[in-house]
Novice: 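Can you keep this structure in mind? I'll have questions shortly.
No hydrogens, no waters, no symmetry mates; every other heavy atom, side chains included, goes into these values. Note on naming: letters A, B, ... go to the chains in the order of the sequence lines (proteins, then strands), and numbering restarts at 1 for each one.
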Amino acid sequence: MRSHKLFLSALLVLVLAFTSILFVAHAQDSSGAGLTIGFAQTGSESGWRTDFTNAMMSEAEAMGINLLFSDGQQKQENQIAALRSFIAQGVDAIILAPIVETGWDDVLQEAADAEIPVLIIDRGVTADPSLYITRVASDFVYEGRLAGAWLATATADRASCNVVELYGTVGSSPAIDRATGFADAIALFPQIQIIASQSGDFTRSGGKTVMESFLSSMDPSTICAVFAHNDDMLIGAIQAMEEAGITPAVDILTVSVDATNDELQMLIDGKANATVLLSPYMGGPAYQAIIDYLGGAELPPLIMVPSAMYFQDTAAAELANRTGG
Amino acid sequence: MLETKTAVEPTTAPTPFNLMQTLSRNRRFLFPVLALILILIGNRLISPTFFTIRVGPDGRLIGSLIDILNRGAPTVLLAIGMTLVIAAKGIDLSVGAVIAICGAVAAVLISTTTLPPLLVIAIAIGAGILCGLWNGILVALFDIQPIVATLILMVIGRGIAQLITEGQITTFSNESLEFVGTGLIGGFPFPIFLSVIVVALVWLLIRSTAIGMLIESVGANDRASFYAGIDATKIKLLVYIISGICAAITGLIITADIKGADANNAGLWKELDAILAVVIGGTALTGGRFYLIMSVVGALIIQSIQTGIYISGLPPTFNLIVQAVVILAILFLQSEDFRRLFTGAWAKLRRQS
């Protein structure tokens, strides 16, 4: 009986020692190399999204992280299924780029129960902040402000400037925040006014249709500038302007957000004036945050990725930098 | 009712007066046309320049009315195909996805190969025929419910289009292909001519042959049609193929218009616009009798509302609500029961006073 107890306690000590060794080894492991992270992407609905996915993958490779990638194809149920599969596989951490803000509570709780840290990237979620470690995102309001500030500088010598706004998808957070930031910035400059605002649904076709209807229903010479919530809508609007015999970037100034490769080409060709970068390089800060968290560090609730602007004279350098040529 | 007494066809030439008479005799035709006129007048009230058409630098006519015809062309084309499918007691949910597939095929072929543009256009339309054939086989040969059969292609089609474009917006620069979406003839955008040509061709097909009658017969009762010696399978295959061709032409227009294939967004939710156009035009979803030209009017109504919203200056957040309210009003106007409710209440009120 006694020998039994002795044996059991010895076993217990051994097991404890072993797990603590494992734990230490694991803690050392979290320098980055060898971590397995599951990444649930929304899908590939835009050129920017594809850039973002590629950036996530190349940054993971550079840091020696084993990234498990799941494409949600614009459906929340696919993303939830991906999260459950990551939990079942027992990954070290999960990165979620949510397609919508609501409905994540249950699956985030499952991850918390399995003690797998979840990091939210890009758009936000409404779930309890204790269910995820932090959110890495671009500041959409700041992007709108940058666009407004640029327009104010560019039109400083004009008595008035009437702006038409190509609004993103109604109700989406980038559209709401960019509109807010832009309105905040131009509110300081009474000569700048938004005379029309309509939704082009973040698509080229939508941007072209809306711009065309503006040019049909009002005198084009009264429009001073166009502010598009993303580059794709602006590229559509540029086509509409050209078809109506208006020289984009000269007759009507343009400013948009995203800085996609196609838009940089428009800047190089002199058909657009300025674009605000929606940084696709969020992977680095996200992976670093996970490594810090696993190392026991406290994280701020929101980590902002810095933004930048590109113009006709700086676009070529950035495009060359991206395409590696 | 009045209609039964005046069922005799007018033999005189259709003067404007006679046209009005025909319209008022057939309320089915009266209300969509009336709704279109009311919406156009409403748009004129919102924007004083609504009916103005100015000439652009390259002879292009610029104005909201031109926009409605040009932007309405995709919906008109889809509504034509959808009318025939619905008349044969079917439904085609896949047209939006077929638009994406055909646009992707055209854009990828023109940007990566040296095939002549006309051949590329033919291949893209061929892809549309294949899609239509696929739907038709599922519905006609395997007897799968049309809503489920076409849902399969609706879901998978956008995936196929993304595979073709490799998830990118495939841009191209080719004047011949761009002409399909942005070309001008006599100042009018080319899509307007395309939609008129397709309407005329389909109208000839159903009116100069027995096909229109056969479609209605299959839609009204396919078992009875079978015993009457009609090959319902062939008729069903035909209507889905026509719908596929219409979707392919639409895909070419949308892709050529922005000089790029946007697999995620091209034609998104367009199938619903097409079905709505058919319903506004008075064709019942239960199949049988169909009204091709009224579906065209329905499509123009939808586009007039859309253009009206663009120029209204309302915040974008109101778009969908305004659209829904106007369409609901049109459907109420068409509903005989709803009108009777009003005329009844009106008569009652007059009797009381």
Novice: For Ala196(A), is it the side chain, the backbone, both, or neither that has a heavy atom closer than 4.5 Å to a heavy atom of chain B?
Specialist: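 For Ala196(A), there is no contact with chain B at all, as no heavy atom is under 4.5 Å.
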Novice: Does Lys208(A) reach the main-chain N or O of Ile258(B) with its side chain, forming a donor-acceptor pair under 3.5 Å?
Specialist: no
Novice: When heavy-atom pairs shorter than 4.5 Å are enumerated against chain B, which of Ser197(A), Gly236(A), Ala240(A), Gly207(A) gives the highest number?
Specialist: Ser197(A)
Novice: Is Arg54(B) close to chain A through its backbone or its side chain, or both, or neither, when contacts mean heavy atoms under 4.5 Å?
Specialist: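 The answer is the side chain of Arg54(B).
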Novice: Which atoms of Ile309(B) come close to chain A, meaning under 4.5 Å heavy atom to heavy atom: side chain ones, backbone ones, both, or neither?
Specialist: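 Ile309(B) touches chain A through backbone and side-chain heavy atoms alike.
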Novice: Is there side-chain contact between Asn264(B) and Gln74(A), with at least one heavy-atom pair below 4.5 Å?
Specialist: yes
Novice: Within residues 57-71 of chain B, which positions have a heavy-atom distance to chain A below 4.5 Å?
Specialist: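 Pro57(B), Asp58(B), Arg60(B), Ile62(B), Gly63(B), Ser64(B), Asp67(B), Asn70(B), Arg71(B), listed by number.
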Novice: Kindly compute the distance separating CZ (Arg204(A)) from CD1 (Ile254(B)), expressed to the nearest 0.5 Å.
Specialist: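 One finds 14.5 Å between CZ of Arg204(A) and CD1 of Ile254(B).
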Novice: So for Thr52(B), is it side chain, backbone, both, or neither that comes closer than 4.5 Å to the heavy atoms of chain A?
Specialist: neither
Novice: Counting heavy-atom pairs closer than 4.5 Å to chain A, which one of Ile53(B), Thr317(B), Thr307(B) comes out on top?
Specialist: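 Looking at each of Ile53(B), Thr317(B), Thr307(B) in turn, Thr317(B) comes out on top.
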Novice: Which answer fits Tyr310(B), side chain, backbone, both or neither, if we ask what part of it has an atom under 4.5 Å from a heavy atom of chain A?
Specialist: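 It is both, since atoms from each part get that close.
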Novice: More than 12 non-hydrogen atoms from neighbouring residues, nucleotides or ligands closer than 6.0 Å to CD on Glu166(B), yes or no?
Specialist: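 No, because the 6.0 Å sphere around CD of Glu166(B) holds 12 heavy atoms or fewer from other groups.
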Novice: Please list, in residue-number order, every residue in residues 168-187 of chain A that has a heavy atom less than 4.5 Å from any heavy atom of chain B; write 'none' if there are none.
Specialist: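 At a heavy-atom separation under 4.5 Å, chain B is reached by Val170(A).
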Novice: Answer yes or no: does atom CH2 of Trp134(B) have more than 12 heavy-atom neighbours from other residues, nucleotides or ligands under 6.0 Å?
Specialist: no
Novice: Given Ile169(B), which partner from the list Ile235(A), Thr203(A), Asp232(A), Thr260(A) fulfils the side chain to side chain contact (heavy atoms under 4.5 Å, CB included) test?
Specialist: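 Checked Ile235(A), Thr203(A), Asp232(A), Thr260(A) against Ile169(B); only one passes side chain to side chain contact (heavy atoms under 4.5 Å, CB included): Asp232(A).
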Novice: So for atom CZ, which belongs to Phe69(A), do other residues, nucleotides or ligands contribute more than 12 heavy atoms lying within a distance under 6.0 Å?
Specialist: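 Counting other residues, nucleotides and ligands, CZ of Phe69(A) exceeds 12 neighbours.
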Novice: With a 4.5 Å limit on heavy-atom distance, are the side chains of Gln239(A) and Thr182(B) in contact?
Specialist: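 When only atoms from C-beta onward are counted, Thr182(B) and Gln239(A) do not touch, as no gap falls below 4.5 Å.
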Novice: Side chains of Asn319(B) and Gln198(A), heavy atoms from C-beta outward: is any pair under 4.5 Å?
Specialist: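 The answer is yes; the side chains approach within 4.5 Å.
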Novice: Working to the nearest 0.5 Å, report the span between CG of Asp262(A) and CD of Gln168(B).
Specialist: 8.5 Å
Novice: Is it the case that more than 12 heavy atoms not belonging to Ile156(B) sit under 6.0 Å from its CD1 atom?
Specialist: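 Atom CD1 in Ile156(B) is not crowded, with 12 or fewer foreign heavy atoms closer than 6.0 Å.
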Novice: What residue, out of Ser217(A), Ala244(A), Gly43(A), Gly206(A), has the most heavy-atom pairs lying under 4.5 Å from chain B?
Specialist: Ser217(A)
Novice: Taking atom CD of Glu61(A) as the centre, report whether more than 12 heavy atoms of other residues, nucleotides or ligands fall under 6.0 Å from it.
Specialist: no
Novice: From Asn265(B) CG over to Phe202(A) CZ, what is the distance, rounded to the nearest 0.5 angstrom?
Specialist: 11.0 Å
Novice: A quick test of your reading: do over 12 heavy atoms of other residues, nucleotides or ligands sit less than 6.0 Å from CD1 of Ile46(B)?
Specialist: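 Yes.
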Novice: Would one find more than 12 heavy atoms of other residues, nucleotides or ligands at under 6.0 Å from atom CZ of Phe318(B)?
Specialist: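 At most 12 heavy atoms, drawn from other residues, nucleotides or ligands, come within 6.0 Å of this atom.
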Novice: Report which part of Thr209(A) has an atom under 4.5 Å of a heavy atom belonging to chain B: side chain, backbone, both, or neither.
Specialist: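 Both backbone and side chain.
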Novice: Got a second to check how far Asp262(B)'s CG is from Ser205(A)'s OG, nearest 0.5 Å?
Specialist: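 Here the interatomic distance stands at 8.0 Å.
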